[in-house]
Amino acid sequence: MQLDYSVIFNKIDLFIDGSLVTLQVSILSLIIAIGFGIIGAIFRISRFKVLNVIGGIYVWIIRGTPLIVQLFILYFGLPQFGIQLSPMVAGIVGLSFNTGAYISEIIRSGINAVDKGQIEAAESLGMTSTQVMVRIVSPQVVKIIIPTMVNQFIITLKNSSLISLVTITELFRTGESLIATTFRSFEVYTTVAIFYLIMTSLLMVVSNYVEKRMAKS
Amino acid sequence: MMEPIIKIRNITKSFGDNEVIKNFSMDINEGEKVVLLGPSGSGKSTILRCINRLETINGGEILFENNKIDGNRKKLCEIRTHIGMVFQKYNLFPHMTVIENIIEAPVHVRKQDKKISIEAAMEILERVGLSDKKDSYPKELSGGQQQRVAIARALAMKPRVMLFDEPTSALDPELVGEVLDVMKNLAKDGMTMIVVTHELGFAREVADRVVFLDGGVCVEEGEPEEFFTAPKSERTKSFLKRIMK
């Protein structure tokens, strides 16, 4: 059978639109996920046992269940309680809640990597625990976790393909619907792959740049 | 007779089942220089760390200017601003320059004006002989220089007492002198100092009182001259013999 990529070139704007939706959902989810991640990490290192437990359960459930199941509970399960989320809301909430759990673990290990001696030095100068966190620990944590965070960003961007299953027409679903009309599976899926590769590569380029700049200071 | 600035009353401290301080008491007077000596594991560093509550005591009490040092975090932060501490491993903030390290607490804890803090910091840097390093990062400095910055950082809060926890133990031998010189000058200026060290020369020259600990109890204390030339306890004698070789 002959490969025919002309169907792709004719519909290239669909792939671009799909990629933009993927980017939009991913970026929005990541921003919210960082919020979840920071809160989760604070819970887990808190002096208060209750918060430790809540943070632990969050990470335990999210890491222990598939993203697709989490998304389906949000989109198809909640309507039973009269809560009908729009596909976009369900997709973004699901993706960010999921990513947030992983980010909270990344932040927590970053905090643990900061030398305890500096924390003692800061405390001995009379700093409150909030000041120690904000002034001494977090600037160093940011530096420590950047490579792992970029890795997580890439995973989230790729995971966003799953939200096609709650009927969001992002890159992957764009491909699916094109195959339904053209039957060109190989051409379409390879093109989808290339578009994902372009986005993840851009992310890596940006991260390399940031990492180099951070290393200088 | 003046009230002691720090009173340590019958404190005990355990790590798990291991009791490292057993019913230890000591008063420190204003301007006094006390050196804590003893083999490793004798509890001397732990006593120092209990004074500013980096370790919490299990029994007894510690008073700073008659204020009890306890779990009250607000009061604790306030008391800590009056007690400077220098650590074995310097513990400078690696993401800040020398000057930023020094003004961090004056500006953010004491809410002092930044410009005034920088001027004061420069004066202190001059005293420790590092004016030219103000914009360096800690990793660009030698161990001795880092420790002098750490002393400057503690001094910037104008503490009433300075605690030194083996300040020269992590240094290359040729860098020990520069740190001890700074400490000797500080002593000359009348600073109240509690020093954990193995530098017997320093203890002999600077200390008003030497306290020898073993197994979490005070075995012997006295003026350095008497302590080093005519120790009373057998344990002190054998310790000094070992360490002076």
Side-chain angles (χ1 to χ4, degrees), chain A residues 34 38 41-52 106-150 207-217, chain B residues 45 48-55 71 73-97 100-112 137-139 146-147 149-159 161-165 170:
Chain A
I34 290 172
I38 292 172
I42 290 173
F43 272 34
R44 298 207 69 184
I45 59 160
S46 164
R47 275 200 297 274
F48 304 106
K49 259 257 139 44
V50 192
L51 298 185
N52 296 166
I106 294 170
I107 294 176
R108 191 173 69 116
S109 66
I111 291 171
N112 286 338
V114 173
D115 178 22
K116 292 287 162 295
Q118 288 167 39
I119 296 170
E120 290 187 344
E123 283 175 346
S124 78
L125 289 164
M127 286 190 172
T128 62
S129 25
T130 314
Q131 282 174 326
V132 175
M133 260 301 147
V134 174
R135 303 279 319 159
I136 308 301
V137 177
S138 31
Q140 299 186 63
V141 169
V142 170
K143 229 168 156 176
I144 294 168
I145 67 176
I146 277 182
T148 337
M149 280 292 258
V150 171
S207 85
N208 280 342
Y209 174 76
V210 174
E211 228 175 298
K212 265 190 202 134
R213 289 218 37 175
M214 297 287 279
K216 267 185 208 158
S217 66
Chain B
S45 282
L48 215 56
R49 293 165 56 81
C50 284
I51 293 175
N52 64 357
R53 212 178 156 89
L54 288 179
E55 305 288 353
R73 301 208 60 95
K74 204 172 161 207
K75 198 170 85 184
L76 179 62
C77 285
E78 162 67 18
I79 290 174
R80 277 172 171 168
T81 65
H82 302 295
I83 304 177
M85 185 160 191
V86 175
F87 300 84
Q88 183 177 347
K89 291 195 176 140
Y90 339 128
N91 296 345
L92 294 176
F93 308 131
H95 58 298
M96 297 181 188
T97 62
E100 285 167 349
N101 261 280
I102 299 175
I103 66 166
E104 177 65 21
V107 171
H108 290 98
V109 176
R110 209 152 261 164
K111 315 289 182 201
Q112 190 177 296
Y137 281 93
K139 65 177 177 198
Q146 288 192 50
Q147 193 60 298
V149 173
I151 295 173
R153 177 177 66 179
L155 289 178
M157 291 298 273
K158 301 196 176 66
V161 181
M162 285 283 282
L163 311 176
F164 291 87
D165 187 6

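Labels below follow one simple rule: chain letters A, B, ... track the order of the sequence lines, proteins then strands, and each chain is numbered from 1.
Between B:Met96 and A:Arg135, some side-chain heavy-atom pair lies under the 4.5 Å cut-off. Side chains of B:Phe87 and A:Ser124 form a contact here, defined as non-hydrogen atoms less than 4.5 Å apart.
Few gaps surround NZ on A:Lys116; more than 12 heavy atoms of other groups in view lie less than 6.0 Å from it. For B:Lys111, the NZ atom sits in a packed shell: over 12 heavy atoms of surrounding residues, nucleotides or ligands are nearer than 6.0 Å. A 6.0 Å sphere centred on NZ of B:Lys75 holds more than 12 heavy atoms belonging to other residues, nucleotides or ligands.
Contact count against chain A (heavy-atom pairs under 4.5 Å) is highest for B:Pro94 among B:Gly84, B:Pro159, B:Pro94. Residue with the most contacts toward chain A among B:His82, B:Gln88, B:Glu78, B:Glu104: B:Glu104 (heavy-atom pairs, distance under 4.5 Å). Highest contact tally toward chain A, considering only B:Asn52, B:Thr81, B:Leu92, B:Asn91, is held by B:Asn91 [criterion: heavy-atom pairs under 4.5 Å]. Among the candidates B:Lys89, B:Arg73, B:Met85, B:Arg110, the residue making the largest number of heavy-atom pairs closer than 4.5 Å to chain A is B:Arg73.
Formation of a donor-acceptor pair under 3.5 Å by the A:Gln131 side chain with backbone atoms of B:His108 is found in this model.
In terms of heavy atoms, B:Met157 sits closest to A:Leu125 at CE-O, 3.6 Å. In terms of heavy-atom proximity, A:Ala121 sits nearest to B:Arg153 at CB-NH2, 3.4 Å.
With a 4.5 angstrom heavy-atom cutoff, A:Gln140 touches chain B only via side-chain atoms.
One finds the CG atom of B:Asn101 at 7.5 Å from the CD1 atom of A:Ile136 (value rounded to the nearest 0.5 Å).
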